Amino acid sequence: MFDPNPPLEDIDYRGACSFGNACSIAYGAVTPVAMPGILKDVPSMLANPLAHLSIQWRNFPELIPWLLNFIRSSKSDRVLEIVNELTELMRLAEAGISPLLQESGSQNLIRNRECLYLYKSEEKFQQAQYGLQLRANQGVRIETLDATQIHEREPHLTPVYHKGVLFLDAYSLESPYVYMKNLANCILQRGGKFVHQHIDEIVTGNDHVQLRSQGLLSEHADQVVVAAGAWSKKLLHPHDQVLLNTERGYHVMFPESEKLLTTPTCYPEHGFYMTPMMDGIRSAGTVELGGLGAAPNLKRIEVIEKVTRQLIQGLGPSGDTWLGHRPSMPDSLPVIGQSPHNERIIYAFGHGHLGLTLAGITGRLVAEITGGYTLSKNINALRPHRF
Ligand SMILES: Cc1cc2nc3c(=O)[nH]c(=O)nc-3n(C[C@H](O)[C@H](O)[C@H](O)COP(=O)(O)OP(=O)(O)OC[C@H]3O[C@@H](n4cnc5c(N)ncnc54)[C@H](O)[C@@H]3O)c2cc1C
């Protein structure tokens, strides 16, 4: 595995999206980010850089093709197709992740079962019904809770909630970073290698591929898998066009507060999860279409901290903060499959909000492609050139 920041390097690995996510394995997350009606939100996404879904003006021209397809993907018939595809992936996700947890010795990292979504008014609850119904139609198990039940379950939440729903087919991990380290150690024990190199280019020959890094070429290989998250676009075959962009997200840690919450909890209107984990409570999320190069927007971090303090009573001091780059496609579906221009190049990126949940099934599909085995599922909808 070639990576300038492999998961065994404590400090540098913070750059990877897998370091700081919201820790949720969310099998019920079968609805895309672009839902019907998103078009009317675009002006406010542009006008308010602190909205939980926002676009940075600086990035707007470059973003236009992605944004147009994001809006196209929000049409209700297309949303139904995406929901079906995500559901198929989710049905295989548990079988994908279980061996990874088991074989890397990470089962003890499973912390909370279930996940709670809260709504502050009947109006907000009703607005959520379309998405909830789409999920329920696919067999996602959802339980509705009233304010008393929420209070009994989570007494430290400020009672600004009106109703909530519990997703039963979800769990969270104590730490996605410890999980990554466990996986990396497991790879090492099985003879895998980590090479600390930034890859500049894939060079293809008639019967091989090579990687170029700082002007030097690697040994010949039969195949290469591009799984560089939001940075994967730089490693495409030169004739491939993939509409990959990044949805930036943030986290704020509250290191002494994990006892205040038992269930990962999200108010969709604020766009972030509050997840109790090994290191405290992590408030993680929001979407900022802001590109790869820009510095974090510290005001967004302030907003996440301020709102978390409003939502959880007795929260201790805040700690670590983080900006992560989700590798995102306009239709919220990942890219998994061979380059149409060279079958020796296999793509596995673009998992957006679901990379932790879908990593196992992605790995399985990639192994099936590289080994020439029958695929666990048809991956036509995930092809790189679908736009
Ligand atoms: C705030 C937030 C909350 C989230 N919460 C959840 C959640 O609860 N559940 C969930 O399922 N998902 C969640 N996600 C999404 C999930 O974290 C991502 O989808 C996932 O981490 C992407 O993994 P990846 O391996 O594709 O990319 P990354 O983890 O970003 O890894 C990419 C790697 O590629 C390397 N790389 C880059 N360029 C090169 C190069 N040229 N050569 C070699 N190596 C290179 C990088 O160093 C990095 O190590 C969240 C994301 C965010 C931002």
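Note that these values count all heavy atoms, side chains included, but never hydrogens, waters or copies made by symmetry. Counting convention: from 1, in listed order, for ligands and their atoms alike. Note that this is a predicted model, so its numbers are computed, not measured.
Not a single heavy atom of K234 sits less than 4.0 Å from an atom of ligand 1. By the 4.0 Å heavy-atom criterion, E247 is excluded from the residues contacting ligand 1. Heavy atoms of H251 stay at 4.0 angstrom or farther from ligand 1. Residue contact annotation: F2 has a non-hydrogen atom under 4.0 Å from ligand 1.
No salt bridge links K163 with D146; every basic N to acidic carboxylate O contact stays at or beyond 4.0 Å. By the 4.0 Å N-to-carboxylate-O rule, D169 lies too far from R135 to be salt-bridged with it. Using a cutoff of 4.0 Å between basic side-chain nitrogens and carboxylate oxygens, R153 and E114 are scored as salt-bridged. A salt bridge links R386 to D331: at least one charged side-chain nitrogen sits closer than 4.0 Å to a carboxylate oxygen. Of the charged side-chain nitrogens involved, at least one lies within less than 4.0 Å of a carboxylate oxygen, so that R309 and E305 count as a salt-bridged pair.
When P6, P264, P327, S283 are checked for heavy-atom proximity to atom 22 (C) of ligand 1, P327 turns out nearest. When the heavy-atom distances from atom 53 (C) of ligand 1 to H351, R326, E201 are ranked, the shortest goes to R326. Ranked by closest heavy atom to atom 27 (O) of ligand 1, the top entry among S328, G229, S232 is G229.
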Donor-acceptor contacts under 3.5 Å from residues 266-279 side chains, at least two apart:
unit_1 : atom_1 : unit_2 : atom_2 : d
H270   : NE2    : K120   : NZ     : 2.8
Y273   : OH     : Y117   : OH     : 2.8
T275   : OG1    : A22    : O      : 3.0

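Residue, atom and distance of the protein heavy atom nearest to atom 39 (C) of ligand 1 are A228 CB, 4.0 Å. Protein heavy atom closest to atom 6 (C) of ligand 1, with residue, atom name and distance, is N21 CB, 3.6 Å. Distance from atom 44 (N) of ligand 1 to its nearest protein heavy atom, with residue and atom name: P4 CD, 3.2 Å. What sits closest to atom 41 (N) of ligand 1 on the protein, heavy atoms only, is I199 O, 2.9 Å. Counting only heavy atoms of the protein, atom 3 (C) of ligand 1 lies nearest to A22 N, 3.5 Å. Shortest contact from atom 8 (O) of ligand 1 to any protein heavy atom: S24 N, 3.0 Å. Among protein heavy atoms, the minimum distance from atom 37 (C) of ligand 1 is reached at W231 CB, 3.6 Å. Atom 23 (O) of ligand 1 has as its closest protein heavy atom S18 OG, 3.2 Å.
Each of the following atoms of ligand 1 lies closer than 4.0 Å to a heavy atom of Q197: 43 (C). Near G285, meaning under 4.0 Å from one of its heavy atoms, ligand 1 places the atoms 1 (C). Listed by atom number, the atoms of ligand 1 under 4.0 Å from L354 heavy atoms are 10 (C), 11 (O), 12 (N).
Counting heavy-atom neighbours within 6.0 Å of Q129 CD, excluding the residue itself, gives a total above 12. Around the CD atom of Q241, the shell of radius 6.0 Å holds no more than 12 heavy atoms that belong to other residues, nucleotides or ligands. Counted within 6.0 Å of CD on E123, heavy atoms from surrounding residues, nucleotides or ligands total 12 or fewer; the atom is thus considered open.
Note on residues 185-194: pairs passing side chain to side chain donor-acceptor pair (under 3.5 Å), not counting sequence neighbours, are E103-R190.
Considering backbone and side-chain atoms together, G352 places an N or O closer than 3.5 Å to an N or O of ligand 1. Residue contacts with ligand 1: T357 is placed with a nitrogen or oxygen under 3.5 Å of a nitrogen or oxygen of the ligand (distance criterion only). Considering backbone and side-chain N/O atoms, D3 comes within less than 3.5 Å of an N/O atom of ligand 1. Distances between N or O atoms of Y13 and those of ligand 1 include no value under 3.5 Å. Taking any N or O of H353, backbone or side chain, at least one lies under 3.5 Å from an N or O belonging to ligand 1. The N/O atoms of G355, backbone and side chain alike, include one that comes under 3.5 Å of an N/O atom in ligand 1. Considering both main-chain and side-chain atoms, C17 comes within under 3.5 Å of ligand 1 through a nitrogen or oxygen pair. In terms of polar-atom proximity, defined here as any N/O pair under 3.5 Å, L356 does make such a contact with ligand 1.
Not a single donor-acceptor pair under 3.5 Å links the side chain of S328 to the backbone N or O of L244. Using modelled atom types, one side-chain atom of N69 and one backbone atom of P65 make a donor-acceptor pair closer than 3.5 Å.
Side-chain contact annotation: S104 with S106, donor-acceptor N/O pair under 3.5 Å present.
Between Y177 and Y179, the distance from one ring center to the other does not fall under 6.0 angstrom.
Only the backbone of C23 comes within 4.0 Å of ligand 1, counting heavy atoms alone; no side-chain atom from C-beta on gets that close. Under 4.0 Å from ligand 1, not a single heavy atom of R248 appears. Residue contacts with ligand 1, taken as heavy atom pairs separated by less than 4.0 Å, involve Y250 solely via the backbone atoms N, CA, C and O.
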Could you walk me through whether I369 and V225 pass the side chain to side chain contact (heavy atoms under 4.5 Å, CB included) test, one step at a time? CA-CA 10 Å; I369 296 168; V225 179; over 6 Å; no
Set out, in order, the CA-CA distance, both residues' side-chain angles and the distance that settles salt bridge (Lys or Arg N to Asp or Glu O under 4.0 Å) for R326 and E288, then state yes or no. CA-CA 10 Å; R326 297 183 190 89; E288 186 183 39; over 6 Å; no
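The cationic atom of R113 (NZ for Lys, CZ for Arg) lies less than 6.0 Å from the six-membered ring centre of Y171 and within 45° of the ring axis.
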